[in-house]
A.B. asks: 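Supplied in structure tokens, the structure appears directly below.
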Amino acid sequence: MGDDLLIQTNNISLKQIAESGQCFRMNQISEKRYGLVAFGEYVELLQLDDCRAEVLGVPQEMLPVWEDYFDLGYDYGSVVKMLCKGEDVFLRKAAAFGSGLRILRQEPFETLISFIISQNKNIPAIKKIIEKICLTYGEKKRRRIKGGSDIAYYAFPAPEKLAEAGKDALRTLGLGYRDEYVHGAALAVAEGRLDLCKLKDKSCEEVILELMELRGVGRKVASCVALFAFHKLESIPVDVWINRVIEEIYGGSFRWETYKNQAGLIQQYMFYYIRNGR
DNA sequence: GCCCAGGTGGGAG
DNA sequence: CTCCCACATGGG
């Protein structure tokens, strides 16, 4: 089986994280329960109360990885408090509304492919295609979570699998014109031209520029990978929603420099609030 | 049937 | 530099 990881920290909301648009394989099962596939494992997440959550089905040796995944070492409470006390009315509301958000440390390759797919697509469509990719090319596994039934799930495929698949086969999954982008990125990683492991230690801007070498990866997608996989909190993905905030709330420009190493997190509060709050 | 989606690449001005 | 368009597909 596996052990269960009890997470005790302020500012954790599974609901908010699942709806935050940073991950695409975290799905609600029931009121306070979510299912998630990552690191080739299926786990279930349980919201116990405002400051406690539980990860069910974690193998012993994977405990540190999952603690890392949920970024337990970072004090989100202090950022929320700072914003709620600040003068920016919009950010005050945004931080209060999304106070349970966290920036996950997701697997780089999966994050890269996911956000290549995300371009010009809405979140439900993105999730559907990713699931189809996993179903078609990912390894099939089984797992029983305590108090649940036997679950079959599919890991996110390795770069080699998607590289071998070829873009014509990928097209049939509904990727549209993104087929060559996905295939090209998988090939670059599989052939070692792009070493995702090495990016981890580089600066935010270096990560973004290197990822932008890939065809189909612009600044927005690269920024998402930098933020949601490599945890570069100064990375600021600017999409149609953030542009909408800047236009409608801030009259055309926003001073990101004010928030430096928290800019990416600020961006996430904005994104979540404008889409789900007001 | 219509509009739009966590954009990008390419070209024109 | 900024504007503008095509791109393939599907959700609401």
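Scope of the values below: all heavy atoms of this structure, side chains included, with no hydrogens, waters or symmetry mates. Chain letters run A, B, ... following the sequence lines, proteins first and then strands; every chain starts at 1. This is a predicted model, so every value here is computed, not measured.
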A.B. asks: I'd like the C1' distance from B:dC3 over to C:dA8, given in whole Å.
C.D. replies: 15 Å
A.B. asks: Indicate the atoms forming the closest heavy-atom contact of A:A226 with A:I208, along with that distance.
C.D. replies: CB-CG1, 4.0 Å
A.B. asks: Identify whether any heavy atom of A:S20 sits under 4.0 Å from a base atom; if not, whether one sits that close to sugar-phosphate; answer base, sugar-phosphate or nothing.
C.D. replies: base
A.B. asks: In whole Å, I'd like the distance from the CD1 atom of A:I126 to the P atom of C:dA8.
C.D. replies: 19 Å
A.B. asks: Go through the side-chain N and O atoms of A:Q22 and A:S20 and say whether any donor and acceptor fall under 3.5 Å apart.
C.D. replies: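 Short answer, yes.
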A.B. asks: Give me the distances for all protein-to-nucleotides 9-12 of chain C N/O pairs that come in under 3.5 Å?
C.D. replies:
{"unit_1": "C:dT9", "atom_1": "O2", "unit_2": "A:K121", "atom_2": "NZ", "d": "3.1"}
{"unit_1": "C:dG11", "atom_1": "OP1", "unit_2": "A:K128", "atom_2": "NZ", "d": "3.1"}
{"unit_1": "C:dG11", "atom_1": "O4'", "unit_2": "A:N122", "atom_2": "ND2", "d": "3.4"}

A.B. asks: Does B:dT8 have OP1 or OP2 under 4.0 Å away from a side-chain N or O of A:R215?
C.D. replies: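 So the side-chain polar atoms of A:R215 never come under 4.0 Å of the phosphate oxygens OP1 or OP2 of B:dT8.
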A.B. asks: Given the rule that a pair is Watson-Crick or G-U wobble with both distances under 3.5 Å, how would you write DNA chain C in dot-bracket, using | for pairs to a different strand?
C.D. replies: |||||||.||||
A.B. asks: With rounding to the closest Å, how many angstrom separate the C1' atoms on B:dA5 and C:dA6?
C.D. replies: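 B:dA5 and C:dA6 have their C1' atoms separated by 16 Å.
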A.B. asks: Whole-Å distance between B:dG9 P and A:L211 CG?
C.D. replies: 12 Å
A.B. asks: What residues, two or more places apart in sequence or in another chain, satisfy salt bridge (Lys or Arg N to Asp or Glu O under 4.0 Å) together with A:D168?
C.D. replies: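 Checked A:D168 against salt bridge (Lys or Arg N to Asp or Glu O under 4.0 Å); zero matches.
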A.B. asks: Categorize A:Q268 for me: base, sugar-phosphate, or nothing, with a 4.0 angstrom heavy-atom threshold over every strand shown.
C.D. replies: base
A.B. asks: Would you kindly give the CG-to-C1' distance between A:L112 and B:dT8, to the nearest whole Å?
C.D. replies: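 Rounded to the whole Å, the gap is 14 Å.
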A.B. asks: As a test of understanding, state which of A:K200, A:R193, A:K202 forms a salt bridge (Lys or Arg N to Asp or Glu O under 4.0 Å) with A:E210.
C.D. replies: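 Testing A:E210 for a salt bridge (Lys or Arg N to Asp or Glu O under 4.0 Å) against A:K200, A:R193, A:K202 leaves exactly one candidate, A:K202.
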A.B. asks: Does A:D50 CG have over 12 foreign heavy atoms under 6.0 Å away?
C.D. replies: no
A.B. asks: With a 4.0 Å cutoff (strictly under), does any side-chain N or O of A:R244 reach OP1 or OP2 of B:dC4?
C.D. replies: no
A.B. asks: For DNA chain B, whose closest nucleotide is more 5', that of A:F228 or that of A:L214?
C.D. replies: A:F228
A.B. asks: Which part of the nucleic acid, if any, lies within reach of A:G216 when heavy atoms closer than 4.0 Å are counted: base, sugar-phosphate only, or nothing?
C.D. replies: sugar-phosphate
A.B. asks: With side chain to side chain donor-acceptor pair (under 3.5 Å) as the rule and sequence neighbours excluded, what pairs involving residues 239-256 of chain A come up?
C.D. replies: A:D88-A:Y250
A.B. asks: Between A:E205 and A:R219, does at least one N-O distance fall below 4.0 Å, as a salt bridge requires?
C.D. replies: yes
A.B. asks: Remember a base hit wins even if backbone is also touched, and classify A:V238 as base, sugar-phosphate or nothing at under 4.0 Å, heavy atoms.
C.D. replies: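 The answer is nothing, as A:V238 stays clear of every strand by at least 4.0 Å.
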A.B. asks: Report the distance from atom CZ of A:F24 to atom P of B:dG6, rounded to the nearest whole Å.
C.D. replies: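 Atom-to-atom, A:F24 to B:dG6, this comes out as 9 Å.
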A.B. asks: Out of curiosity, A:Q47 CD to A:E54 CD, how far, rounded to the nearest 0.5 Å?
C.D. replies: 11.5 Å
A.B. asks: Can you list the residues that meet the ring-ring contact (aromatic ring centres under 6.0 Å, His included) rule with A:Y181, with sequence neighbours excluded?
C.D. replies: none
A.B. asks: Rounded to whole angstroms, how far apart are NZ on A:K127 and C1' on B:dG6?
C.D. replies: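 Distance, rounded to whole Å: 13 Å.
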A.B. asks: Could you tell me the separation between the CH2 atom of A:W241 and the P atom of B:dA5, rounded to a whole number of Å?
C.D. replies: 6 Å
A.B. asks: Do A:Q119 and B:dG9 have a side chain to base donor-acceptor pair shorter than 3.5 Å?
C.D. replies: no
A.B. asks: If I pick the C1' atom on B:dG6 and the same atom on C:dC3, what distance separates them, to the nearest angstrom?
C.D. replies: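 So the two C1' atoms sit 22 Å from each other.
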A.B. asks: Quickly work out the A:F115 CZ to B:dA5 P distance and round it to whole Å.
C.D. replies: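 After rounding, the gap between these two atoms is 16 Å.
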A.B. asks: May I have the distance from A:K220 (atom NZ) to B:dA5 (atom C1'), rounded to whole angstrom?
C.D. replies: 11 Å
A.B. asks: Tell me, which pairs form a side chain to side chain donor-acceptor pair (under 3.5 Å) where one or both residues lie in residues 120-142 of chain A, sequence neighbours left out?
C.D. replies: A:R25-A:E131, A:N27-A:K127
